[in-house]
2 protein chains.
Amino acid sequence: MDDGSARPAPASGGPAKRPTLKTIAFMTGLGVTTVSRALNDAPDIGEATKERVRLVAKQIGYRPNRAGVRLRTGRTNVISLILSTETEILGLGSHLIYGISERLSGTPYHLIVTPYDIRTDPMVPVRYIVETGSADAVIFSRTMPQDPRAVYLHDNGMPFATHGRTDLAFQHPWYDFDIEKFGAMAIEALAARGRRQITLLPPPMNLNYAQLLMGAFRRAVGDLGLMDVPVHNTTIDDSRDAIRTEIQRILRSDHRPDGFVCASAASAIYIISAAEELGLKPGRDFDLVSKESYEILKQFRPEVLVVGEDFRTAGTGLADSVLKALAGASAESLQILEVPEDIH
Amino acid sequence: MDDGSARPAPASGGPAKRPTLKTIAFMTGLGVTTVSRALNDAPDIGEATKERVRLVAKQIGYRPNRAGVRLRTGRTNVISLILSTETEILGLGSHLIYGISERLSGTPYHLIVTPYDIRTDPMVPVRYIVETGSADAVIFSRTMPQDPRAVYLHDNGMPFATHGRTDLAFQHPWYDFDIEKFGAMAIEALAARGRRQITLLPPPMNLNYAQLLMGAFRRAVGDLGLMDVPVHNTTIDDSRDAIRTEIQRILRSDHRPDGFVCASAASAIYIISAAEELGLKPGRDFDLVSKESYEILKQFRPEVLVVGEDFRTAGTGLADSVLKALAGASAESLQILEVPEDIH
DNA sequence: GAGGGGAACTGAAACGTTTCAGTTTTTTGC
DNA sequence: GCAAAAAACTGAAACGTTTCAGTTCCCCTC
C-alpha cells in the first residue's frame, strides 16, 4: 500500500531493516558513540555535528530501539496502570485510560494496562512490576488509607501516583476528588429541600475516600440536625440485586429515608429503580445526590442532583504527575485535589 | 515490608539484582546456552538436566528479561489495542480492555493501549507499531469495509484481529456482533407492536457494521411494508445536542416516526430524552430498540426494547484469536460472529 | 579397536543501546 | 613555539537473551 508518507522506500532487495545508530554512524562517517551522544544532546559534542546527526536521523526516520535502550539502561519508557477488572459497570476505567494516553502521547512513554482481580491479592501486580522492572512508574486507584501497594512501591523506589489519597506517613503524588466537599454539598442540598432522614450508600469502606465521605457525611448530618439512616453491609460496588434488596429493606423500615447520597452513577440508578418499584419517585418522595462522570443519570432523571467528576482529567493529572515525578519533582508538588464546582 | 512471599531475601549487601540465565548457569554448573535451551524445552537437552534447571529457576524466581528476549528475537510479547479516545461516553472501551486482559493474564503477553484521535489519520498508530515493531499483534475496532489499517497490517505481515468484519478480499481474524440479526429483530419487534414509521439512528456510515445494519434495516422495513423515516446526517457518534436537534426535527415533521432503532445505549438515551421534551413517551407514543452492554437504559426505561452485546467477551474473543494467530492458526478459523439471543 | 553416529553440552557472536576510559585535535597561555 | 588544557570524537565493553557452529563423550557396529 502506498500511503504517500515521506518514509524512504524499502531497498528493492532485502526486507528493509530499520535504521539504527550504526546506520547513522555510517552515513555521517561518525562513530556510533558520537551519534548516540549527539542525539542525546550530550555537552561534549559539537553543535554542528549534533545538527547534522539530527538531520540525518530525521531524514531516514530513525527511532531508537526500545529493547536496546531498556536492556542497557533499565529504563522501560512504560507507565503501568493497575486496574481492577471487576466492579466497573460504567466504564470509568476507559476515561482514565484516555486521559493518561492523551497526556502520554508525544512522549516516549507507552501505557500498559496491568489488570488484577479484586478478589485476589492486590499486591500481585505491583510485585510483578517491581520484580521484573517492567515499568518506570505506576498508577493505581482504589486507594486504601494504609495502602500496602503504596508502601511497597515507596520502599522499592518505584515512582507512582495514586488515584485517591492515603493516610500514610510519607508523601507521594496523588490526584483526588474532594469527596468531603461533595458530602457536605450533598447534605446541604438535601437539607435545603427539607429532607431529614438521609441514607448514604458508601463505597467499600476499605477505600480511603469511603472513610472521608463517611466522615464528612456524619459531620454534616450532625451539624444540620438531620438523621443518619445507615445501610447494612452494602456498598456501591455490590450487585444490582444486593443494592435493591437493601434499599427496599430500608425504605420499608420505620425510618424511611427521604434523602440519599451516593458516590457512583451506577449505584444511583439501582437505588432509583429500587425505590420506583415501591412506587416512590425521586424529587417527590425523596431526593438523591450522586457523583457522576457523564450526564447519563441526570439525563434520565432530571430531578436527581448530580455533582460532576471527570475521570479523563484525573487521567491526564495522574500521568502528568508521574512524568514530573520521573523528572525529579517533589511528591508534595504533585498532589492535586479536584474540587467539585456545582451541584445541579 | 515483609510480605511473607517465598521470594528469596535480598542479599544483605547489594541491591539484590534479578537472577539471569547466568545466575542459573552458575548455580547449576551448566553453560548459559544449556540453561536457555533447557528452559525453552529444546530437544537436545537431557530430561534430568531440564528438570534440574527448571527447579533452580523456580526456586530463585527467575523471570526472563523481556528486553533481552526482545532485542535478540524481535518478539515483544506485546499485544497492542488501538483505541479511539473520543466518541465514547459509556466506557465500552474498558470492557474490551478487561476482556483482553483477562485472556492475556497467565500468558507472557502484555496489553498496551495505543490511542489515536479519531479526527486525525487512523493509520498513524498502525504505522508506528509496524515501523517500530512495538507489538507482536494488533487489535482494533471501528472497522471499515475497505479498512486501510487491515490492508497495511496484512501487507506487512503483522498479525491482527478486528472488532468488526471487513469487505476485504483476504481473510483475517475478527470478532463481530451479528448486527444484521439485530436489525431484523428490532424491526420485527417494532412491527409486532404496530409501529409503522421507523427511524434508524445509524453508526457513522464509514464503519462496516453501519452498512450491514442499514442494509438489514432497509430489507426488513421493505419486507414488512413499513416506512423508513431517515435522519439527515446524524449518527450515534454525534453530540447530544446534534442528536436532539435532529430527532426533534424528525418528530415534528409530517412523517413522525413511531419506532426507533439505534445501535448504542448513549444515543438511545439522547433520543428518549429528546422525545420526552416534546411530551412523547416511549412505550406509548413510540417504541425504541437499542443495543446495549449493561442494562442501564433498560433499568430506567423498562418500556425500551434492548438487545445485549457483551464487550468483555468480545475482548476475550479478540485476544484469543490473536494468540491463536500468533501460534499459527488460519484466519478462517478465527472469525467469530456473536449472535444476539433475545430482545427484551 | 577403529570409525561412525548420536546425545548432551558449550563458547562466541549478535541484537541496539549507553558508558567508561581513552585518544586525537584544537585552542589557550605565556 | 611549547606545554597544558579544553573540545571533539571514539573503540570496547556491557546489559540478557538466543542461535550458530562446534566439541566432547559414549555407545554401537563391523
Side-chain angles (χ1 to χ4, degrees), chain A residues 14-54 56-57 60-78 108-110 131-134 136, chain B residues 14-54 56-57 60-78 108-110 131-134 136:
Chain A
K17 290 181 72 273
R18 257 179 89 184
T20 70
L21 289 180
K22 204 147 79 177
T23 319
I24 303 180
F26 177 73
M27 293 178 75
T28 55
L30 295 163
V32 43
T33 303
T34 313
V35 174
S36 170
R37 313 217 54 191
L39 289 173
N40 290 322
D41 203 23
D44 64 348
I45 305 294
E47 202 44 62
T49 306
K50 283 184 190 171
E51 201 48 64
R52 199 155 63 89
V53 169
R54 278 195 285 258
V56 173
I60 65 177
Y62 169 76
R63 294 248 197 40
N65 179 309
R66 310 185 118 234
V69 176
R70 178 165 171 180
L71 184 57
R72 177 64 235 236
T73 64
R75 218 163 11 90
T76 62
N77 282 321
V78 160
Y109 287 93
H110 284 176
E131 285 173 13
T132 63
S134 59
D136 295 341
Chain B
K17 289 182 74 273
R18 256 179 91 184
T20 69
L21 290 180
K22 204 147 82 178
T23 319
I24 303 179
F26 177 75
M27 293 179 75
T28 54
L30 295 164
V32 46
T33 303
T34 312
V35 174
S36 170
R37 313 217 55 193
L39 289 173
N40 290 322
D41 203 24
D44 64 348
I45 305 293
E47 203 43 61
T49 308
K50 282 183 189 172
E51 202 48 64
R52 201 156 61 90
V53 169
R54 278 194 285 258
V56 173
I60 64 177
Y62 169 76
R63 293 247 196 45
N65 180 309
R66 310 186 117 236
V69 176
R70 179 165 169 179
L71 184 57
R72 177 64 234 235
T73 65
R75 215 160 16 86
T76 62
N77 283 321
V78 160
Y109 287 93
H110 284 176
E131 286 173 14
T132 63
S134 59
D136 295 341

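Per chain, numbering begins at 1; letters A, B, ... match sequence-line order.
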Counting any heavy atom closer than 4.0 Å, what does Gly68(A) reach on the DNA or RNA strands: base, sugar-phosphate only, or nothing?
base
Taking N and O atoms by type only, does the side chain of Thr33(A) place a donor or acceptor under 3.5 Å from a partner on the base of dT19(C)?
yes
Once hydrogens and angles are ignored, does a donor-acceptor distance under 3.5 Å link the base of dC9(D) to the side chain of Asp44(A)?
yes
What distance separates Thr28(A) OG1 from Leu21(A) CG, expressed to the nearest 0.5 Å?
10.0 Å
Proximal nucleotide (of dG16(C), dT17(D), dT18(C)) relative to the Thr20(A) side chain
dG16(C)
Separation of atom CG in Asn40(B) from atom P in dG16(D), rounded to whole Å
17 Å
Between CZ of Phe26(A) and P of dG16(C) the distance, given in whole Å, is 16 Å
Hey, does the side-chain of Arg72(A) have a donor or acceptor N/O within less than 3.5 Å of a partner on the base of dT17(C)?
no
Could you state the atom-to-atom distance from CD1 of Ile45(B) to P of dT23(D) in whole Å?
18 Å
Under 4.0 Å, heavy atoms only, any strand: does Ser36(A) hit a base, just the sugar-phosphate, or nothing?
base
At under 4.0 Å, does any side-chain N or O of Thr73(B) touch on OP1 or OP2 of dT18(D)?
no
Taking atom C1' of dG16(C) as reference, at what distance in whole Å does atom CZ of Arg37(A) sit?
17 Å
Specify the separation, in whole Å, of atom CD of Glu47(B) and atom C1' of dA7(C).
13 Å
For Ser134(A) and His110(B) the tightest heavy-atom approach is CB-CE1, 4.3 Å
Gap between atoms CG and P, on Asp41(B) and dT18(D) respectively (whole Å):
13 Å
Given Asp136(A) and Arg75(A), is the salt bridge (Lys or Arg N to Asp or Glu O under 4.0 Å) satisfied, shown in steps?
CA-CA 6 Å; Asp136(A) 295 341; Arg75(A) 218 163 11 90; 5.7 Å; no
Judged by atom type as modelled, is there a donor-acceptor pair below 3.5 Å linking the side chain of Arg18(A) to the main-chain atoms of Arg63(A)?
yes
In whole angstroms, how far is the P atom of dC15(D) from the CZ atom of Arg18(B)?
14 Å
Length of the CG-C1' vector between Leu30(B) and dG11(C), whole Å:
14 Å
Just by distance, do the side chain of Arg70(B) and the backbone of Arg66(A) share a donor-acceptor pair under 3.5 Å?
no
